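Just so you know, ligand 1 is whichever comes first in the structure, and atom 1 is the first atom listed for that ligand. Predicted model, so just to flag it, every value in this text is computed and none were measured.
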Amino acid sequence: MQYKRSSELFELAKLRIPGGVNSPVRAFKAVGGSPIFVRKAKGAYLFDEDGNKYIDYISSWGPIILGHAYEPVVDAISKIAKKGTSFGMPTVLETEIAELVISSVPNIDKIRFVNSGTEACMSAIRLARGYTSRDKIIKFSGCYHGHSDSFLIQAGSGAITNGSQNSPGVTQGTAKDTLIANYNDLESVKSHFKIHPNKIAAIIIEPVAGNMGCIPPEPEFLEGIRKICDENESLLIFDEVMTGFRLSLGGAQQVLDVKADIVTFGKVIGGGLPVGAFASSNDIMKELAPEGPVYQAGTLSGNPLAISAGLTTIKTLKNDVKIYNRLEDKTKALHEGMEKCLNKNSIPYQINRFGSMISLHFTESKVFDFKSSSKGDNMFFKKYFHGMLAEGIYLPPSAYESYFLNDALTYEDIDFTINAFDKVVKSL
Ligand SMILES: *Cc1c(COP(=O)(O)O)cnc(C)c1O
């Protein structure tokens, strides 16, 4: 495969955009080489500027759950665009999507729309702090909640890949209010509450972690966190930016049957356009401006183009909830195919999977938290990534990311992927 045009475009981009990209994980720093520039995408496939075709396993990091350029979404956006693209005034679309989300997701009465997952999580902790009149929050090592200051402390995903676990520019004052616990380790949570009684506003967590590879919660872990929050009158925030509308219509709360006090959304909720949201009970949401004193705003929040893409995507999911079984079955087929090849070649590995989230770590030991996820062999991973790329399979360019399948992917695509996988694994 030729990547000449992409490399040239990357060199040009680097002259004008820091690192040549607008989001760090795109730059291939973890795997080496030059990123692929996309020209277009359709269904399960990406086409790059050199004319190569790839089967896409990142789906824009989750949002493209129905496949690229999905006709009803494209039609909705085009139709709305002709009527004006932004007003800074209320529209009926916003109430419609709010009703749809609230009727789909458990335990929420009201929802506020924003423009990204980062904004959703940043606003959710402000709301939690305002509501509880407490300053501190607990987050888990390796969990990613966007790039706002409070969360850039042992953050997952692109932040680890770049080795800046504590980003310069985050003040000591902000950092001291973020307490770090270990995923799947209740004791590490309890010890913070012992040291800081009545000071912790909220625990924020990815109910199924997806930013240190895919790490499902162990049995009783989330229930345990729920109990600790109740005992200490702290709020539990489920960051469902990744899991919301991906694991099921009701997200992880529904699948795992644990209740969160505040839920954040992003990715799928915008169907490929920039949308985030946070939602909670009437009691908590009434603190938010203009009803209450906790300020939060956005010039483009509830943007009609973005909302129409999200609305069409969620309606499609709601009208065809079997999509979640299909996605899970396809992910399982991929899992089993990969497992066979890895076993045959005696390669040490762990595959974690939950619904349509899956990740492969080249390590013998179980991957259940950030530390264990870091044990994977990165030399293996780099070779694996580039091997698959050369076979026309686009995987996340970092061992800390999970794959996201979309509904356009066929079983022929999966067979093709497993054949490529077999070839690549033999050469590792
Ligand atoms: C992607 C992600 C975010 C950040 O969302 P952006 O839209 O990139 O700002 C937050 N939390 C989780 C769990 C995510 O996966």
Side-chain angles (χ1 to χ4, degrees), residues 21-27 58-65 112-126 128 137-162 167 178 183 202-217 222 236-247 251-253 255-256 260 262-279 296 298 300-301 303 306-307 309-310 313 352 354-359 370 373 396-398 400-404:
V21 291
N22 282 312
S23 193
V25 75
R26 297 177 195 168
I58 69 168
S59 305
S60 184
W61 303 100
I64 309 296
I65 194 165
R112 169 65 55 85
F113 283 85
V114 294
N115 306 292
S116 68
T118 294
E119 263 186 86
C121 295
M122 176 185 86
S123 309
I125 57 157
R126 184 181 304 140
I137 57 162
I138 294 180
K139 81 172 275 290
F140 293 84
S141 180
C143 279
Y144 182 67
H145 306 293
H147 65 91
S148 92
D149 287 2
S150 302
F151 299 128
L152 279 186
I153 294 145
Q154 299 193 23
S157 190
I160 323 171
T161 307
N162 279 276
S167 171
T178 302
Y183 206 82
I203 299 180
I204 185 165
I205 188 165
E206 291 177 59
V208 175
N211 286 291
M212 40 185 167
C214 169
I215 301 188
L222 293 175
L236 176 56
I237 305 172
F238 271 8
D239 177 351
E240 298 227 37
V241 170
M242 194 178 276
T243 52
F245 298 100
R246 169 152 294 272
L247 298 184
Q253 277 197 106
V255 175
L256 299 166
I262 304 178
V263 186
T264 62
F265 300 94
K267 301 195 167 106
V268 178
I269 203 172
L273 266 76
V275 180
F278 58 105
Q296 191 281 325
L300 288 167
S301 294
N303 172 269
I307 295 299
T313 300
N352 286 357
F354 197 103
S356 57
M357 291 163 62
I358 181 168
S359 63
F370 176 57
S373 81
S398 158
Y400 290 112
E401 307 285 355
S402 52
Y403 310 0
F404 300 104

Between T178 (side chain only) and S150 (backbone N and O only), is there a donor and an acceptor less than 3.5 Å apart? yes
Hey, does T264 have a side-chain heavy atom less than 4.5 Å from the side chain of F238? no
For atom 11 (N) of ligand 1, what's the nearest protein heavy-atom neighbour? Residue, atom name and distance, please. D239 OD2, 2.7 Å
Between T264 and ligand 1, find which residue part has any heavy-atom pair under 4.0 Å and reply side chain, backbone, both or neither. neither
Looking only at non-hydrogen atoms, find the nearest pair between F151 and H145 and report the distance. CD1-O, 3.4 Å
Starting from atom 7 (O) of ligand 1, which protein heavy atom do you reach first, and at what distance in Å? G117 N, 2.9 Å
Provide, to 0.1 Å, the distance between atom 9 (O) of ligand 1 and the closest protein heavy atom, together with that atom's residue and name. T118 OG1, 2.5 Å
For ligand 1, which atoms have a heavy atom of S116 less than 4.0 angstrom away? 7 (O), 9 (O)
Nearest neighbour in protein (non-hydrogen) for atom 2 (C) of ligand 1: K267 NZ, 2.6 Å
Below 4.0 Å, non-hydrogen atoms only: which portion of E206 touches ligand 1? Side chain, backbone, both or neither. side chain
Can you spot which of F370, F354, Y183 makes a side-chain contact (heavy atoms from CB on, under 4.5 Å) with I215? Y183
Could you walk me through whether S402 and M242 pass the side chain to side chain contact (heavy atoms under 4.5 Å, CB included) check? CA-CA 10 Å; S402 52; M242 194 178 276; 4.1 Å; yes
Test log, rule side chain to side chain donor-acceptor pair (under 3.5 Å), inputs R112 and Q296: CA-CA 9 Å; R112 169 65 55 85; Q296 191 281 325; 2.9 Å; yes
Identify the heavy atoms of V241 and G117 that sit nearest to each other, and give their distance. CG2-CA, 3.9 Å
N211: numbered ligand 1 atoms lying under 4.0 Å from its heavy atoms: 12 (C), 13 (C), 14 (C), 15 (O)
Quick check on contacts: which atoms of ligand 1 are under 4.0 angstrom from a heavy atom of M242? 15 (O)
